[in-house]
Q: 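Structure provided below as C-alpha cells; questions to follow.
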Amino acid sequence: MYIEEAKNFVGQEVEIKGWLYNSRSSGKVQFLLVRDGTGIMQCVISQNDVGERLFKDAEKVTQESSLIVKGIVKQDERAPGGFELVIKDLTVVQIASDYPISPKEHGVGFLMENRHLWLRSRRQWAILRIRSTIENSLREFFNERGFILIDAPILTPAAAEGTTTLFETDYFGVPAYLSQSGQLYMEAACMAFGKVYCFGPTFRAEKSKTRRHLTEFWMLEPEIAYITFEENLQLQEEMISFVVKKVLANCKEELKIIGRDTKPLEKVDPPFPRIHYRDALEILRQKGKELKWGDDFGGDEETLISNEFDKPVFVHHFPEGMKAFYMKPDPLEPQTVLAADLLAPEGYGEIIGGSQRIDDYNLLLQRIKKNNLNLENYKWYLDLRKYGSVPHGGFGIGLERTLAWIAKLPHVRETIPFPRLLEKIYP
RNA sequence: UCCCCGUUAGCUCAAUUGGCAGAGCAGGUGGCUGUUAACCACAAGGUUGUAGGUUCGAGUCCUACACGGGGAGCCA
C-alpha cells in the first residue's frame, strides 16, 4: 500500500515500504513517522504487541533509515493525517547513520550542499509535486487544443538573442552553444504543423545572482501560424488560469504544507488586465519612478505595476529596439512592437514573454543585419519568410518563475530539483 | 562586473567596553505506555574561514584573500 491510499485500507493489514522520517518514544510505545514518497504516516509500535526483541530493533532505526513495516491501518484523530499504522512487524532494509539534515533549522547554503537529501523533506516534497502538476497541466492544456509537441535542439550553432549569455561547448572542433530558446525552431515547426510547442531546459550564462535567476531553467514555448496578437494574449491568460485551477484542485495538501494562502490564486481568471507600455510608464510616474521612453523595467518596476492588480497583468507595445530582433512592429504605431510580458501578481515579475514575429523577409533581413548577427546562421530562419510566410506568434513561459509565484516561494532555487546557480553546479 | 552583509561544535545560533568560548538540535548512554519539530537526566563534542598586523591580552579591532548570502545590471 502507498500512504496516500491509507483511507481505503482502514482495518486491513498492509505493508509500507519506505524511510523513517522521524520518531518519538515514550517508554514501551514508539511512534515512527514513516514516509514512502506519497506521504508520511505515523506508525505505532508497542512492546506488548510485538515483544521486546522487535521493539528494541525499532529503537535502533535512525532518521532516514530504510524500512518495511507491516500492520493494521487505523483511523485515529491523534495521528497526523488522521490515519496510523499499528505495527505488527518491522524489517530494517538499511540503517542510516549521521543523516545531516536534522528536524531543526538549517541555513540555505548547507541545505543546497545537501540538495540530494533535502528533496526528502516535507516542504521540498510539496513544492516539487506542485511543479509536476504544473508541467502536466501545461501539456494537457496544449494537447487538448491540438498542439503538436516538437522537441527543440539543445545544442545550437548560434544565439537566438544576445551572444554574451551563452554557454559555449566544443562540437567536434567547432563552437556550439547550449540553447537559450527553442523559439526559432518552433517558428519553423509551426509552418509544418500549425500549432506547436516545445518544453525543455534552456541555458543562460548570465552572471545574475538574484532570487529570480537560474542558469538552467525550463521553458515552454508555443508557436502558432496565423495567430493574431490578441489571440496570443487570450491563449496565455487561458493557459495560466487553467494551470492555476489544476493546482488548486490537485495540490490541496501540498499548498497547505507550504502555507500558501490560496485566495489570491482563486481570483486568477480571464481576462487579465492589459497595460500599454506608455501607460505603464504613467503608473510608474505616479509611484515616483520616472522612466524615459525606451527604458526597460527592473524588478522594482515590475512589482510596482503588478501590485496595481490582483491578477497577472500584460504589459504590451514596448518600444521598438528594446526587445528582440524578431518582434514585429505594430503597423498602427510602428515605433512599438507587438510584444507583451505577463507580470505575475504579488511581486513575482515577468513569467511570460510573447510577441508577433516579423513575417516580412526584407524587414527581418534588415533586423538581423542591424543586430550584427551572422547572416550565415540565419539563412534557414529567413527561408521561413521566403516560402509561404504567414503572420505568426508565440510566447515563452518560465516554469520556475511560474511555480515560485503559484507556491509563493521566496527564491526560485527551491522550484527545481537540482538548481544550477551562478558558479554552483553541485550536487 | 559593482554594492551591502556574513563566516564560532555535524547543524542553527549566543558570547556586554578587547578579559576563563556557551546553548538548542543531531549523534551517544539511561528513563518514561499516546507522542505531535515529544519530554527528562547524564556524558561527549572547538586550531572561532585562511594569512598577516595592533595589543599585556583578539571570536571581538585593522589589512588582504577565500567561501557563503542578499541586491543591482541583464533576463524567463
Q: I'd like the P distance from G49(B) over to A44(B), given in whole Å.
A: 25 Å
Q: With ring centroids as reference points, do Trp125(A) and Tyr21(A) lie under 6.0 angstrom apart?
A: no
Q: Below 30° counts as parallel, above 60° as perpendicular, anything between as tilted: where do the rings of Phe142(A) and Phe395(A) land?
A: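 Judged by the thresholds at 30° and 60°, the geometry between Phe142(A) and Phe395(A) is tilted.
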Q: Measure from the side chain of Asp300(A), starting at C-beta and using heavy atoms only, and say which of G34(B), G70(B), A72(B) lies closest.
A: A72(B)
Q: Scan nucleotides 7-12 of chain B against the protein and return all N/O pairs shorter than 3.5 Å with their distances rounded to 0.1 Å.
A:
{"from": "C11(B)", "atom 1": "O2'", "to": "Glu105(A)", "atom 2": "O", "distance (Å)": "3.4"}
{"from": "C11(B)", "atom 1": "O2'", "to": "His106(A)", "atom 2": "ND1", "distance (Å)": "2.3"}
{"from": "U12(B)", "atom 1": "OP1", "to": "Gly107(A)", "atom 2": "N", "distance (Å)": "3.1"}
{"from": "U12(B)", "atom 1": "O4'", "to": "Glu105(A)", "atom 2": "O", "distance (Å)": "3.2"}

Q: Taking U55(B) as the reference, what is the distance to G73(B) when you measure between their P atoms (whole Å, please)?
A: 46 Å
Q: In whole angstroms, how far is the C1' atom of A76(B) from the CD1 atom of Ile134(A)?
A: 14 Å
Q: Please state whether the phosphate of G71(B), meaning OP1 or OP2, lies under 4.0 angstrom from any side-chain nitrogen or oxygen of His213(A).
A: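 For G71(B), OP1/OP2 do not have a side-chain N/O of His213(A) under 4.0 Å.
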Q: Take atom C1' in U63(B) and the same atom in A58(B), then report the distance between them in whole Å.
A: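 Result for the C1' pair: 15 Å, nearest Å.
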Q: Assign each of Glu216(A) and Thr62(A) to its nearest nucleotide of RNA chain B by heavy atoms, then name whichever residue's nucleotide is nearer the 5' end.
A: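 Looking at the nearest nucleotide for each, Thr62(A) comes out on the 5' side.
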Q: Looking at every strand, decide which applies to Gln63(A) at a 4.0 Å heavy-atom threshold: base, sugar-phosphate, or nothing.
A: nothing
Q: Do Arg145(A)'s NZ or CZ and the ring of Phe141(A) fall within the cation-pi criteria of under 6.0 Å and 45°?
A: yes
Q: Please confirm whether the ring centroid of Tyr378(A) lies under 6.0 Å from the ring centroid of Phe325(A).
A: yes
Q: Scan Leu33(A) against the nucleic acid and name what it touches under 4.0 Å (heavy atoms): base, sugar-phosphate only, or nothing.
A: nothing
Q: When the distance from NZ of Lys60(A) to P of G27(B) is rounded to whole Å, what number comes out?
A: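 It is 15 Å, rounded to the nearest whole Å.
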Q: Below 4.0 angstrom from OP1 or OP2 of A37(B), is there any side-chain N or O of Arg123(A)?
A: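 It does not, given that no N or O in the side chain of Arg123(A) lies less than 4.0 Å from OP1 or OP2 of A37(B).
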Q: Please confirm whether Phe297(A) and Tyr277(A) have ring centers closer than 6.0 angstrom.
A: yes
Q: If you find the nucleotide of RNA chain B closest to Pro410(A) and the one closest to Asp296(A), which residue's nucleotide is nearer the 5' end?
A: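 The residue closer to the strand's 5' end, by nearest nucleotide, is Pro410(A).
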Q: Spell out yes or no: do the side chain of Glu84(A) and the base of G34(B) have one donor N/O and one acceptor N/O closer than 3.5 Å?
A: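 Such a pair is found, so the answer is yes.
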Q: At under 4.0 Å between heavy atoms, what does Arg413(A) touch on the DNA or RNA strands: base, sugar-phosphate, or nothing?
A: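 Sugar-phosphate only.
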Q: Is the phosphate of A26(B) approached by Asn22(A) (side-chain N or O, under 4.0 Å from OP1 or OP2)?
A: no
Q: Can Lys311(A) be said to sit on top of Phe272(A)'s aromatic six-ring, NZ or CZ under 6.0 Å from centre and within 45° of the ring axis?
A: no
Q: Using the six-membered ring for Trp and the full ring for Phe, Tyr or His, decide whether Phe217(A) stacks on the six-membered base ring of A76(B) (centres under 5.5 Å, planes under 30°).
A: yes
Q: How is the base pairing of RNA chain B summarised as a dot-bracket string, given the Watson-Crick and G-U wobble criteria with both distances under 3.5 Å, [ ] for crossing and | for another strand?
A: (((((((..((((.....[..))))..((((.......))))......(((((..]....))))))))))))....
Q: From CG of Leu342(A) over to P of C75(B), roughly how many Å is that when rounded to an integer?
A: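 Going from CG in Leu342(A) over to P in C75(B) covers 18 Å.
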Q: Base, sugar-phosphate or nothing for Ser25(A)? Non-hydrogen atoms, less than 4.0 Å.
A: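 It contacts base atoms.
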Q: For A38(B), does either OP1 or OP2 sit under 4.0 Å from a side-chain N or O belonging to Arg24(A)?
A: yes
Q: Taking atom types as they are modelled, is there a donor-acceptor pair under 3.5 Å from the base of U35(B) to the side chain of Gln30(A)?
A: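 Answer is no: no donor-acceptor pair is held.
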